[in-house]
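Notes follow once the structure below has been shown.
Just so you know, ligand 1 is whichever comes first in the structure, and atom 1 is the first atom listed for that ligand. Counting begins at 1 with the first residue of the sequence.
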Amino acid sequence: MKAGNSVLTSYGTTIFEVMSRLAAEHGAVNLGQGFPEGLEPPALLAAAARAVAEGPHQYPSMMGIPALRRAVADHARRFYGLEIDPMREVMVTSGATEALADCLFGLIEPGDEVVLIEPLYDSYLPIVRRAGGVPKLVRLEPPNWELPRDALAAAFGPRTKLLVMNTPMNPTGKVFGVDELDFIADLLVRHDAYAVCDEVYEHLIYDGKRHVPLIARPRMRERALRIGSAGKTFSLTSWKIGYVTAAPELLLPVAKAHQYITFTTPTSLQQAVAEGLGSGDGYYRGLADGLAARRDRLAAGLRGIGFDVLPCAGSYFLIADIRSVGFNGDDAEFCRRLTVEAGVAAVPVSAFYKDEGVRHFARFCFAKKDEAIDEAIRRMAKHFKPGRA
Ligand SMILES: Cc1ncc(COP(=O)(O)O)c(C=O)c1O
């Protein structure tokens, strides 16, 4: 038998699926996979139901329904002061995952170099490699996740086609500052490169911080592609509605990839998301405030057990140092044992790096209901501090 594609078959099942399966098998509280609980906006559910009942049910425009493209452009003006042409600069995709693949397949020519920042979301590297890109990895390290500017500059060269970046960042909770964005912008201009900006957590940002898209910085309007996700903004991760915003010349090749991968995305869900993006400030503030409270609840619980917990400015995730509870093995073994023995699933941070190095950190998702967070803490307290629980 001839083998399948060697790049894709060289990867195992994604860690999120592996940990979720293990969690289900052992009845564990699943703080592993990054999905929210109990935050689905009722108005969007009603809008989707209405749209399903009323139709239409046939292929919409491959670029997305006009109402959603206009809503994405209006949202970009409202939050970031961007003037976007909804008909030429916005494309709707089946989730940010598809948007990322479209950008990478649409832009990379075999042999192009692609700069990626670790720890990274698991789809980036396989898709870059499948598109024929040559990855140039730059590592952020715990506990500060500082951008190593020299290493980043050294990763760029004459063959650099693009950089992939993610802010607010999974799994670190880092939010890139304006000075870091401008440093990146300089490199992009100097090397005539593009940036694929994964901004799915744009509204999950805490403590008064504001998300700044790279595309809103000077000279970046023609070089950055901005990706958003209704899955994260409206806590509806199964809907898989994403959107890419970019200058027309950049969006054109990306739309070609979309044309041959999914072509369109369900109309009813697009209609509901179009309504959702126009939600009042109270919705967006409530989402961030509610998640910040969950973050604080889980952080306090973890600290009470003895974990050192790193700060989190955005995203769904807290990172804890597993050595602080006396565990000296690696993070994959820790997460496996935590799931099986304590009944709480987490994800090893090493899964977000290509090579060895970071082995002592576990990622916990805090976007869960209070009951789930409290139960996870109770179980971990019993496991790590049996006398006191
Ligand atoms: C950084 C990052 N990018 C993209 C995605 C995928 O988004 P979507 O569900 O819209 O495909 C996720 C989901 O967890 C993510 O964490």
Side-chain angles (χ1 to χ4, degrees), residues 13-20 30-37 39-40 44 64 68 72 75 90-105 116-128 140 145 163-176 195-205 211 213-214 225-245 254 257-258 261-262 265-266 269-270 272-273 276-277 291 295 312-319 345-349 351-353 363-368:
T13 303
T14 159
I15 187 71
F16 311 116
E17 179 77 17
V18 169
M19 291 314 300
S20 284
N30 191 355
L31 304 187
Q33 203 170 9
F35 62 87
E37 284 180 353
L39 296 173
E40 302 84 351
L44 264 78
L68 180 52
V72 170
H75 168 277
V90 177
M91 182 175 80
V92 177
T93 60
S94 291
T97 310
E98 195 229 328
L100 283 158
D102 293 344
C103 290
L104 299 171
F105 283 131
L116 299 137
I117 302 174
E118 293 183 296
L120 39 70
Y121 187 60
D122 69 340
S123 77
Y124 299 171
L125 206 45
I127 301 288
V128 166
L140 307 189
W145 312 113
L163 160 102
V164 183
M165 64 173 295
N166 172 216
T167 181
M169 190 181 188
N170 172 12
T172 64
K174 175 185 173 80
V175 171
F176 282 67
V196 173
C197 303
D198 179 345
E199 302 180 12
V200 299
Y201 298 106
E202 62 188 313
H203 289 290
L204 312 189
I205 185 161
H211 171 65
L214 184 69
L225 302 100
R226 172 177 134 70
I227 295 173
S229 169
K232 311 293 177 183
T233 297
F234 300 109
S235 309
L236 296 161
T237 57
S238 82
W239 283 24
K240 299 299 279 187
I241 303 279
Y243 11 88
V244 190
T245 304
V254 174
H258 170 70
I261 294 176
T262 60
T265 296
L269 302 181
Q270 292 194 54
V273 171
L277 282 172
L291 283 167
R295 173 198 64 178
C312 162
S315 82
Y316 285 148
F317 308 109
L318 280 173
I319 290 190
V347 167
V349 172
F352 296 80
Y353 288 89
R363 188 196 82 170
F364 293 88
C365 175
F366 57 75
K368 309 295 177 182

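For Ala272, the side-chain contact (heavy atoms from CB on, under 4.5 Å) partners at least two apart in sequence or on another chain are Ala47, Ala48, Trp239. Not a single side chain to side chain donor-acceptor pair (under 3.5 Å) links Lys368 to another residue, sequence neighbours left out. Take Ser238 and apply the side-chain contact (heavy atoms from CB on, under 4.5 Å) test, not counting sequence neighbours, and it matches no residue.
The minimum heavy-atom distance between Arg363 and Gly32, with the atom names listed, is NH2-O, 2.7 Å.
Ring geometry for Tyr201 against Tyr316 counts as perpendicular: the plane angle is over 60°, on a 0 to 90° scale with 30° as the lower cut.
A donor-acceptor contact shorter than 3.5 Å links the side chain of Asn166 to the backbone of Asp198.
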Between the protein and ligand 1, are there any N or O atom pairs that come within less than 3.5 Å of each other, and if so, what are their names and distances?
from, atom 1, to, atom 2, distance (Å)
ligand 1, 3 (N), Asp198, OD1, 3.4
ligand 1, 3 (N), Asp198, OD2, 2.5
ligand 1, 9 (O), Lys240, NZ, 3.2
ligand 1, 10 (O), Ala96, N, 2.8
ligand 1, 10 (O), Ser229, OG, 2.7
ligand 1, 11 (O), Ala96, N, 3.1
ligand 1, 11 (O), Thr97, N, 2.9
ligand 1, 11 (O), Thr97, OG1, 2.6
ligand 1, 11 (O), Lys240, NZ, 2.7
ligand 1, 14 (O), Tyr201, OH, 3.4
ligand 1, 14 (O), Lys232, NZ, 2.7
ligand 1, 16 (O), Asn170, ND2, 2.9
ligand 1, 16 (O), Tyr201, OH, 2.6

